[in-house]
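In what follows, a single structure is set out as structure tokens and then discussed.
Bear in mind that the values here come from a model prediction, so they are computed numbers and not experimental data.
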Amino acid sequence: MKKILLSTALFFAFASGFAQVKLVNKAFSEAKAESPNFAEAQKNIKEALENAETKDQAKTWYVAGFIDNKQFEIQRNTQLLGKQPNEALMYTSLISCYDYFMKAAELDQLPNEKGKVKPKYLKDIKNVLKNNQGYYTNGGAYFWEQKDYKKAYEMFHIYTEIPKLEIFKGEAFPADTNYNMFLYYAAIAASQIPDPKLAIQSYESLIGSGFKENEIYQLLSQEYMNVKDTAKYEQIMAEGAKKFPTEAYFIDMLINTYINKNQYDQAITYLDAAIARDAKNAQYCDAKGRLLETMKKNDDAMAMYKKAIEIDPNYAEAYGNIGRIFYNKAIEANNDAANIKDTKSYNEQIANVVKPLFKEAIPYYEKALQLKSEKEYMIALRSIYYNLQMGDDYDRIEKLMGGN
């Protein structure tokens, strides 16, 4: 009795597995028909892909890829005839058939029950991929226009991956002069998703390619900043600065980075490089002056501000910065005077040190204000004129400030 029950169980197991194989064959036939029934074919293959008896068979995945590729071909042929295809269906099918074919190729290269590898579908899969490769760029452009950047990335990425697939190893694959361009588009799409990890992988693949490398270094540095990898950010920026010494972006960003980190010596190094590269750039001289001022090197800072003015006599910030140095010195001297108890000594400090410093600041602040109507210049001048008891000038600045 037990034997009969066991045999019955085996029969039903066999029948179930046979039924699933029939579904695969039926789906294949429906897709190959002159008027394919794609809905029924996909329904049947979906069931086979989920069934334990058929989900690990190369044919199941191959048929799934065949169905979607057939859908793509019908829409493509419609386009070739000058008619409007269903582009969403055409390119979505193109993506999914690639995924199915990749799985089919993997299973098709596994050893059979005798330990031998005898692929049945690999040749056809390879031919399809070669024929379809160019259409992945069209699909990428389509999804980009739809602002579906994830699918746009997938399309451009697949295009660049096909020639590198293991199944084509050792075979001559036609060289494509547009390869780097579409790798670049993949990176841009990944940035738009946004997916910094994918973007970084794509941008790094382009390093050394000679394709838009100046821009690639800049975009790559931004992605590292997005993931807060400051070490890699600085490394890429430094490489960019070395490779493209005439590009201001790298040095400018490194300078700002080191200033923000209070690493003034490194910032000075890059500022000196920037000035050497562009000796007529007043902004660099002014920036170095500000940095030296922060480092309490006021004399050196003053020299850089004056150099900025020599380069650009209308550079308001440099005048204002010189004025600030004199003003701050006057305030410091005034604070020192407050600690002097002897009236005579106090008056001498005010007359001989404080007031002359305030007076030194005036022409620079006035010139800065003439060139650029900044409130900080007005505030400083109002304070100076108040301390020097210069009523008319004080009233003039008050009026400029609206009486505030």
Side-chain angles (χ1 to χ4, degrees), residues 31-32 38 58 61-109 119-146 148-190 192-193 195 198-199 201-206 209-212 216:
K32 290 192 294 184
F38 288 118
W61 292 89
Y62 170 75
V63 170
F66 181 90
I67 293 168
D68 278 346
N69 186 60
K70 189 74 172 179
Q71 283 197 120
F72 160 72
E73 286 181 341
I74 288 174
Q75 297 302 322
R76 180 201 62 194
N77 292 339
T78 298
Q79 188 178 57
L80 291 175
L81 291 171
K83 299 177 182 178
Q84 180 59 43
N86 181 337
E87 289 184 284
L89 176 62
M90 177 165 71
Y91 293 123
T92 300
S93 300
L94 189 59
I95 288 179
S96 56
C97 79
Y98 175 82
D99 294 334
Y100 287 134
F101 281 147
M102 287 299 93
K103 183 64 176 178
E106 176 191 333
L107 295 171
D108 201 30
Q109 296 175 88
K120 294 181 180 179
Y121 310 104
L122 195 60
K123 183 178 179 180
D124 186 52
I125 289 171
K126 287 160 69 174
N127 287 334
V128 171
L129 291 178
K130 280 187 175 181
N131 291 334
N132 288 353
Q133 188 197 10
Y135 288 97
Y136 285 99
T137 64
N138 297 346
Y142 168 77
F143 285 119
W144 181 276
E145 290 177 359
Q146 305 305 309
D148 188 340
Y149 300 114
K150 187 174 186 300
K151 282 194 173 68
Y153 167 80
E154 287 183 57
M155 282 292 193
F156 293 133
H157 178 69
I158 290 171
Y159 172 85
T160 62
E161 283 298 296
I162 288 175
K164 299 187 292 184
L165 292 174
E166 188 67 23
I167 59 176
F168 291 114
K169 189 175 182 179
E171 296 184 20
F173 206 102
D176 186 353
T177 55
N178 294 322
Y179 178 87
N180 288 330
M181 179 175 70
F182 289 110
L183 184 57
Y184 169 76
Y185 289 158
I188 296 293
Q192 293 293 318
I193 294 173
D195 190 327
L198 290 179
Q201 289 175 353
S202 299
Y203 286 134
E204 286 194 333
S205 297
L206 286 164
S209 68
F211 180 84
K212 289 181 177 287
I216 297 303

Problem set entry | Worked verdict on K70 versus I67 for side chain to side chain contact (heavy atoms under 4.5 Å, CB included) | CA-CA 5 Å; K70 189 74 172 179; I67 293 168; 5.8 Å; no
For this session: Could you go through the side chain to side chain contact (heavy atoms under 4.5 Å, CB included) check for K130 and E171 one step at a time?
Result: CA-CA 12 Å; K130 280 187 175 181; E171 296 184 20; 3.9 Å; yes
Problem set entry | Intermediate values then yes/no, side chain to side chain contact (heavy atoms under 4.5 Å, CB included), W144 and Q192 | CA-CA 10 Å; W144 181 276; Q192 293 293 318; 3.7 Å; yes
Problem set entry | Derivation and outcome, side chain to side chain contact (heavy atoms under 4.5 Å, CB included), residues E87 and Q146 | CA-CA 11 Å; E87 289 184 284; Q146 305 305 309; over 6 Å; no
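The shortest non-hydrogen separation linking Q84 to T78 is O-CG2, 3.9 Å. Scanning all heavy atoms of the two residues, the minimum distance from A104 to Y62 falls at CB-N, 3.5 Å. Here the closest non-hydrogen pair linking G140 and A152 is O-CB, 3.6 Å. Nearest heavy atom pair, residue F168 against residue P163, reads CB-O, 4.4 Å. The minimum heavy-atom distance linking I95 with M155 is given by the pair CG1-CE, 3.4 Å. The two residues Y149 and A189 have their closest heavy-atom pair at CB-O, 3.7 Å.
For the atom pair CG (L122) and CD (E106), the distance works out to 12.0 Å, reported to the nearest 0.5 Å. Rounded to the nearest 0.5 Å, atoms CG (D68) and CG (L89) are 8.5 Å apart. The line from CG of L129 to OH of Y136 is 6.0 Å long, rounded to the nearest 0.5 Å. Taken from CG in L94 to CG in D99, the straight-line distance is 10.0 Å, to the nearest 0.5 Å. Atoms OG1 and OH, on T160 and Y185 in that order, are 14.0 Å from each other to the nearest 0.5 Å. Atom CG of residue L183 and atom CD of residue E204 lie 11.5 Å apart, to the nearest 0.5 angstrom.
Distance alone, capped at 3.5 Å, places no donor-acceptor pair between the D148 side chain and the F143 backbone. At distances below 3.5 Å, at least one donor-acceptor pair connects side-chain atoms of S96 with backbone N or O atoms of T92. Remark: side-chain polar atoms of D108 are not paired, donor with acceptor, to backbone N or O of A58 under 3.5 angstrom. Judged by distance alone, with hydrogens and angles left aside, the side-chain atoms of N180 form no donor-acceptor pair with the main-chain N or O of F211 at under 3.5 Å. In this structure, Q109 contributes its side chain and A105 its backbone to a donor-acceptor pair below 3.5 Å.
Using modelled atom types, one finds a donor on one side chain and an acceptor on the other under 3.5 Å when comparing N69 with E73. Between the side chains of N132 and Y98, no donor-acceptor pair is found at a separation under 3.5 Å.
Counting heavy-atom neighbours within 6.0 Å of K164 NZ, excluding the residue itself, gives a total above 12.
Aromatic pair F72/Y135: centroids less than 6.0 angstrom apart.
Using cut-offs of 30° and 60° on the angle between ring planes, the pair F156 and F182 is parallel.
By the 4.0 Å N-to-carboxylate-O rule, E154 lies too far from K151 to be salt-bridged with it.
Contact annotation: the side chain of L198 approaches that of Y153 to within less than 4.5 Å [non-hydrogen atoms, C-beta and beyond].
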